[in-house]
Amino acid sequence: MATAGSVLRGAWGHRAWTAVDERLGLSGLAYPVPKHANRIGYILGGITFFGMLIRFGTGIWLAQFYHPVPEAARQSIAYIIGDAPLGDVIRGVHYWTANVVMVTVLLHLARVYWTGAYKRPREANWLIGLGLLATTLGLLFTGTVLKWDQEGYEALGHNLEMANLLGVFGFWFSADFAVEFPILGRLYMAHVVILPTAGTLLLIGHFLLVKRHGISALPADADRAVDGGPAPATGGSSFAAHLVRMAGFGLILLGAALAISLVLSAPLGPRPVPGIEETKPPWMFLPLYPLEDWFGLAALLWAPVAGFAALALVPFGDRSPYRSPRRRPIWIALGMLVVSLLGALLVYAMLTVPQAHIRDAM
Amino acid sequence: MLRARPTVVPIALLAALAAAATLLLSTLPVLGHEGEEEPAIALEPASVTAGGSVLVAGTGLVPDTDRVLVLAGGNITVDFGTVRTDAEGMFRAELAIPAHLPGGLYEIRCIGDETLVAELKVMPAAMGGMPTPEPSPTSGAAPSPGPTPATGGAVPSAAPTPKPEATGPRPRSTTELGVLAGLALLLALAGAVLVVRAERLRGATAG
Ligand code: HEM
């Protein structure tokens, strides 16, 4: 198997790699990497992973200055923007990377769906992926509340409504669960401890399964094998080349986020005013917004539940052995229908005026 | 060629999902938007360190009418003067909580045809909880109404801010900006080199 030793050519590089690998067993992580795995569509998961690393690093910096109590939270963010060492830039990188990661997660999911890579034996990894999608959304939601501006406060209002909708199961989302400790503090803990830990554990499982199954063959090659053709090649590139390529994209992402942060800072809205609703949620939650208008707050709970349930059922519904989009017309049409619907809801929500759904968050 | 099974299964699944979703949605109470709102006031935050400020917002009140805002607790009363509701029956005001107010539970009262009450928890300034990350623009320095009745109807006001709050990118010297922009470019370039060379540096083609 090709390792970093073969990428870092030359005697010194090779010896250094061997010395490190002998002690840390890094080559044990390697798995066969086919050539197509270095295409952009197949490296989106890797870009997402490096985006997560960037968020980890910048998040630790921000945590040094953030104050998770209602009376000081927003002010501490103003301090981060105005005074903390490199605060505005680091916060910008954290925020813009989070947005990019949301896009790359969705594109990664779309690639897996398009190429039918959720099929046997990768059903479980698809489900773990859904868990990762949920933690990504959870991080974006809690991050929005932490700002404690009008937008964050309204997001919290929806969090509390969710507690009501869930009844007894919603205790964690309710401010009454721990009256001595402001709910902002608990959402902060979710943002910096619970969700990152859950995400890390899921990611370990995700990667272990990618290593176990290898990256899926190109759909056309896989289908040929189903029809009695030759088995697709599992190698062609190397794990190290794959990793270096991911890291390259990660650095580009970091550079781009830094450049954007110098011109466009992460938003911080006005101090929250209880009892009014005048902001719209961040774009990834925006498709839910018209549903909330039409069907009431309950849609905020049922629409995501239905969406995740439908996604979870995909590998168990689409059971033909074929993976090419051409051979799965119904599933591809279904996917496109869902994407178009979400797009239409997003545009509609962007064009409408904010409406009040809840009277009083607290 | 499409086999029968892969076509039938998704259609059945889709139909079942659609039916389940319709059933679910039709049984849900349609909450929609509020019609008549109950008069109410709310505070943000609901607990504050003495010397800080708190936002009070009223909704569902009679439009274009006056309300008196008062903080009361123990035998202390602080009069914040009057506010006027807008055409929608809403108002908002920022109240500077006196720095020397003892800690404890107080009430913010909004007095008009009806009296609306919201609870405010005040932490004593001396203990101050945790240090705030910047010298709070509202701590101590804010001219606040005294803790005695009727201080002359001071209109609730925003506490003076020593410097405008930064919400955009910081103004930077050309050098600093240059270094940061250079760093961004360097990172992106290094990334691009890795992306391109990863393919070329690929070693043995073994899997
Ligand atoms: C934090 C989010 C995620 C990260 C960091 C991540 C990372 C990765 C990586 C690095 C791979 C290797 C191949 C590739 O890059 O395409 C991969 C494969 C895979 N991921 Fe994810 N992923 C995430 C979310 C998801 C989601 C949301 C799904 C779907 C629901 C998903 C399903 C899969 C599947 C089925 C594979 C195997 C694909 C194949 O072999 O072609 N992942 N993931």
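Chain identifiers are assigned alphabetically (A, B, ...) following the order of the sequence lines, protein sequences preceding nucleic acid strands; residue numbering begins at 1 within each chain.
- Note: A/Ile252 leads A/Val89, A/Ile252, A/Leu243, A/Leu253 in heavy-atom pairs under 4.5 Å with chain B.
- Scanning all heavy atoms of the two residues, the minimum distance from B/Ile97 to B/Leu120 falls at CD1-CD2, 3.9 Å.
- A side-chain donor-acceptor contact under 3.5 Å links A/Lys119 to the backbone of A/Tyr322.
- With B/Arg109 contributing its side chain and B/Val117 its backbone, the two residues share no donor-acceptor pair below 3.5 Å.
- Contacts between B/Val193 and chain A at a heavy-atom distance below 4.5 Å are absent for every atom of the residue.
- Dense packing is recorded around NZ of A/Lys211, with more than 12 heavy atoms of other residues, nucleotides or ligands lying under 6.0 Å away.
- Without hydrogens or angle criteria, A/Arg245 side chain to A/Asn38 main chain gives a donor-acceptor distance under 3.5 Å.
- For chain B, the option among A/Leu86, A/Ile43, A/Ile80 with the highest count of heavy-atom pairs below 4.5 Å is A/Leu86.
- Of the residues considered (A/Leu184, A/Leu262, A/Leu254), A/Leu262 shows the highest number of contacts with chain B, using heavy-atom pairs under 4.5 Å.
- Interface residue A/Leu264: only backbone heavy atoms are found under 4.5 Å from chain B.
- Of the atoms belonging to A/Ala256, not a single heavy atom falls under 4.5 Å from chain B.
- Between A/Phe65 and A/Tyr79, the ring planes lie tilted relative to each other; the angle falls in the 30° to 60° range.
- B/Leu183 touches chain A through backbone and side chain together, each having a heavy atom under 4.5 Å away.
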